[in-house]
Amino acid sequence: MEIIESIDNLPVQDPPGEDFSAADLEWVKLGSEDRYDDVALIPYDRVDAFIIGECSNVECPTRFHIERGRKRAKGSLKQYKNDEYLEYRLYWCSFGPENYGEGGGILPSRRYRLNTRNRAARPQSMRGCTCHFVVKRLYARPSLALLIYNERRHVNKAGFVCHGPLDRDAIGPGAKKIPYVCSEVQQQTMSMIYLGIPEENVLEKHIEGIQRYCGSDAKVKSLASQYVQKLGMIIKRSTHELDLDDQASIRLWVERNKKSIFFYRDTTETDPFILGIQTEWQLQQMIRFGHRNIIAADSTFGIKKLKYPLCTLLVFDSRQHALPVAWIITRSIAKPDVAKWMKALLDRVHSVDPGWKASGFLIDDAAAEIEPIREVFSCPILFSLWRVRRSWLRHIVKKCTNIEVQREMFKRLGQIVYIIWGGVDLAVALEEFSLDFVDQTSFMQYFKDSWVPKIEMWLTSMKTLPLASQEASGAIEAYHVKLKTKLYDDSHLGSLQRVDWLVHKLTTELHSSYWLDRYADESDSFVNVKEEYIASTSWHRALQIPDSAISLDARDHLFAKVVSQKDSRVTRVVWNPGSEFAHCDCEWSLQGNFCKHIIKVNMVCENLQCYQSSLSFQSLKNILIDLWEKPMDDSVALDISTAWTHQMLDQVQKLVELNSSDDIGLVVNNMPLKWVAKKVRTTSGRQSSTVALPSSSKNDYARKRSRKRKSWHEVGRLVYVLPPSPSTVHGSCKNVRASAHLCTEPRI
């Protein structure tokens, strides 16, 4: 909007109707680039109509009082400017400017102003509202009034809505009669509203939730209906634009949501912008599912479309679905910046659980800095192929129309990846690939521009780091696809360059979606939501396909056929079976995704020697061979290498047995026994109680009471040692989570 310096050419506005408000006027900015206000010119006799209209604001009903006023006599000025006043009045919202809640208890915010005449009786309603405007009756044109709006929002100094229906702290009269709404019920109601579930369904579930804490009567249902309607109105009217300036809007959001921020640094001349978001629920999930488990990163999302790329940290929940536990918005991938926000995140987790530790960190970008991960999390680093696989397949399908050429090109790219353990020259392999598909000019140009300069870096990361499984890669990809669907909606294309919009979408719709998924899975309350959540990854969809639906090419092993479970007349063809770079002709695969047909075919082929092993298994095999290799001399180093290799092979063997078993009892019975001695209770730091007491003292009485308990524990305990946490446990074992560092004690 253009900023003017004079009101000479400002038009006079006279909206129709008895009353009108600021929304009915067209405002112009008056001042300089450093300081300006919104102004409008109206007839002086319509000032009262404007004030009445402003008091009738539906979102923030209020009254305006005169905070200051001055007058001049006509003819008192010999020289004057065009905006000099004859009368000056500063109108302030009656919920301010003072805030009598500062420094003490939070005052109950009211939906209305008390009907008092003097200001002395208003302390209970003054909330520090900063909304105010100035009315100037012009000296040069007394029939006109200049409106100057300094602050149009009804917010306090911190930027919070401080009164009215949109005030989150507004309890109003009769608050003691309102039924208790716990945070779980409130989050459930908010999630359903954000996801667009009809209001009658939201109200039904809300009433079911509050009936756990209070009885059911007409009054409770009426108050519940009002609560749902109010919450829906707040969500509907909430906006990501807390300020027209995106940077200022983010500052306000950070000030309001300090509990959901683990790291924030504003943009300066030397430091880039970094915003780390983690809600309290995400923190709980990170502690619950991330301890002694894998943390994964979906990095560089929206690097071309968003103002700042988005990095998401994920954990794998009880169904091995990827669950977002932190969002980092920044363009910087420099080592010091990455180390700062990682350290801040880990410190927040340790403030709740000092013993929390990750067992591994999974990355998907070869350009990512791995030293901060090793320094902060102190855990092994794994590498996932899903990003490079998705990029290659999407561009092959997009730029090559012949499906046979698509299959062969994707297979050849997979062979280039497999050569990292074969000792084949990469330059020779790339040259042969370019010559064989020289006629595919569109894709080859993309490949030479985007991948040839950095493919050696990616292949080096694949060779030096352990590779993630197809299940983990599919789970990360499922989250990526869901995130893309939520953010890249056509109705939001104009907001992609605003950070406040991205933060709003993440913390409202996406957060609510995952919260409701987990709640439905654990409480069995939303059947449809639970079913969609379980089937949200290709791995779980592949488990529903029986082995009988798979038919392999017995002669050349070039392809496999999968019969559709919905329509037996439809058959999908999977080329290059057994490899992560298999090609399927289904619609989901042609979009670049891991489809259920490829995963199921690879499950069948993994036990057949005539098919090549997956890249993740090849990586594990290479690690074991490196451990098993004999040193130069027959020394203690050989003993250490042999011990490590034997321990890892033993753990892998137990994992395979646990995964393939249908009865957990048989697996446990075959496990070795371990004798665990009793832990001696420490007495350091306790005062000695050696004072002389009679034989019937309390110490003797306590000794007699604990004699039976002592004799039980002094004999030691017999426990079973389980292998590390499996990635997937089929059948009745699916909920078993074991760790090499934990012991399960059988109940006698």
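Numbers here simply count residues along the sequence, with the first being 1. Worth knowing before you read on, the calculation uses all heavy atoms, side chains too, and leaves out hydrogens, waters and symmetry mates.
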Query raised in the report: Are any non-hydrogen side-chain atoms of Asp365 and Ser299 less than 4.5 angstrom apart?
Result: yes
Query raised in the report: Relative to each other, are the rings of Phe433 and Phe437 parallel, tilted or perpendicular (30° and 60° limits)?
Result: tilted
**Report entry** Pair Asp364 + Arg390, salt bridge at N-O below 4.0 Å
**Finding:** no
Query - Tyr514 and Tyr479 aromatic ring geometry - parallel, tilted or perpendicular at 30°/60° bounds - result: tilted
Query raised in the report: Within a radius of less than 6.0 Å around CD of Glu587, do more than 12 heavy atoms belonging to other residues, nucleotides or ligands occur?
Result: no
Query raised in the report: Using the benzene-type ring in the case of Trp, are the ring centres of Trp588 and His597 under 6.0 Å apart?
Result: no
Query raised in the report: Using 30° and 60° as the class limits, which term best fits the ring planes of Tyr446 and Phe443: parallel, tilted or perpendicular?
Result: tilted
Requested in this report: Using a 4.5 Å cut-off on heavy atoms from C-beta on, say whether the side chain of Ile295 contacts that of Val325.
Outcome: no
Query raised in the report: With no hydrogens and no angle check, is any side-chain donor or acceptor of Arg541 less than 3.5 Å from a backbone partner on Ala535?
Result: yes
Query raised in the report: Could Arg569 and Asp567 be called an ion pair, given the rule that one side-chain N must be under 4.0 Å from one carboxylate O?
Result: yes
Query raised in the report: Yes or no on side-chain hydrogen bond (donor to acceptor under 3.5 Å, both in side chains) for Tyr519 and Gln188, after CA distance, side-chain angles and deciding distance?
Result: CA-CA 8 Å; Tyr519 181 79; Gln188 171 188 306; 3.2 Å; yes
**Report entry** pair Thr189-Lys205: side-chain heavy atoms closer than 4.5 Å
**Finding:** no
Query - Flag if over 12 foreign heavy atoms under 6.0 Å of CD, Glu522 - result: yes
Requested in this report: Examine the side chains of Ser616 and Ser469 and answer whether a donor and an acceptor come within less than 3.5 Å of each other.
Outcome: no
Query raised in the report: Can you say whether the rings of His291 and Trp356 are parallel (under 30°), tilted (30 to 60°) or perpendicular (over 60°)?
Result: tilted
Query raised in the report: Mind checking whether Leu510 and Trp327 have side chains closer than 4.5 Å, heavy atoms only?
Result: yes
Query raised in the report: Within 45° of the axis and under 6.0 Å from the centre of the six-membered ring of Tyr488, does NZ or CZ of Lys305 qualify?
Result: yes
**Report entry** salt bridge (charged side-chain N to carboxylate O under 4.0 Å, His left out) between Asp517 and Arg319, worked out
**Finding:** CA-CA 11 Å; Asp517 287 343; Arg319 295 188 181 274; over 6 Å; no
Query raised in the report: With side chains defined as the heavy atoms from C-beta onward, is the minimum distance between Phe594 and Thr537 less than 4.5 Å?
Result: no
**Report entry** Mutual orientation of the aromatic rings belonging to His540 and His321 [parallel < 30°, tilted 30-60°, perpendicular > 60°]
**Finding:** perpendicular
Query raised in the report: Looking only at heavy atoms, which two atoms of Ile419 and Ala429 are closest? And how far apart?
Result: CD1-CB, 4.0 Å
Query raised in the report: Taking C-beta and beyond as the side chain, do Pro546 and Gln565 meet within less than 4.5 Å on heavy atoms?
Result: yes
**Report entry** Lys561 bridged to Asp553 by N-O distance under 4.0 Å
**Finding:** no
Report task. Give a yes/no verdict on a cation-pi contact between Lys454 and Trp451, requiring under 6.0 Å between NZ or CZ and the six-membered ring centre and an angle within 45° of the axis. Result -> yes
Report task. Could you walk me through whether Asn602 and Gln470 pass the side-chain hydrogen bond (donor to acceptor under 3.5 Å, both in side chains) test, one step at a time? Result -> CA-CA 9 Å; Asn602 290 350; Gln470 295 182 60; 3.0 Å; yes
Query raised in the report: Is Lys399 atom NZ crowded by more than 12 heavy atoms from other residues, nucleotides or ligands, each under 6.0 Å away?
Result: yes
Report task. Carefully, step by step, assess Ser513 and Lys486 under the rule side-chain hydrogen bond (donor to acceptor under 3.5 Å, both in side chains). Result -> CA-CA 10 Å; Ser513 176; Lys486 290 286 185 181; 4.7 Å; no
Query raised in the report: Checking side-chain hydrogen bond (donor to acceptor under 3.5 Å, both in side chains) for the pair Tyr533/Arg518: CA distance, chi angles, key distance, verdict?
Result: CA-CA 8 Å; Tyr533 159 71; Arg518 291 297 311 156; 2.9 Å; yes
Query raised in the report: Would you call Asp436 and Arg412 a salt bridge, taking side-chain N to carboxylate O under 4.0 Å as the test?
Result: yes
Query - Interatomic spacing from CD1 in Ile598 to CZ in Arg389 - rounded to 0.5 Å - result: 5.0 Å
Query raised in the report: How about Glu580 and Tyr418: do any of their side-chain heavy atoms sit closer than 4.5 Å?
Result: yes
Query raised in the report: Quick one: is the NZ or CZ of Lys463 closer than 6.0 Å to the six-membered ring centre of Phe383, and within 45° of its axis?
Result: no
Query - Polar side-chain atom of Glu200 near backbone of Pro198 as donor-acceptor pair, under 3.5 Å - result: no
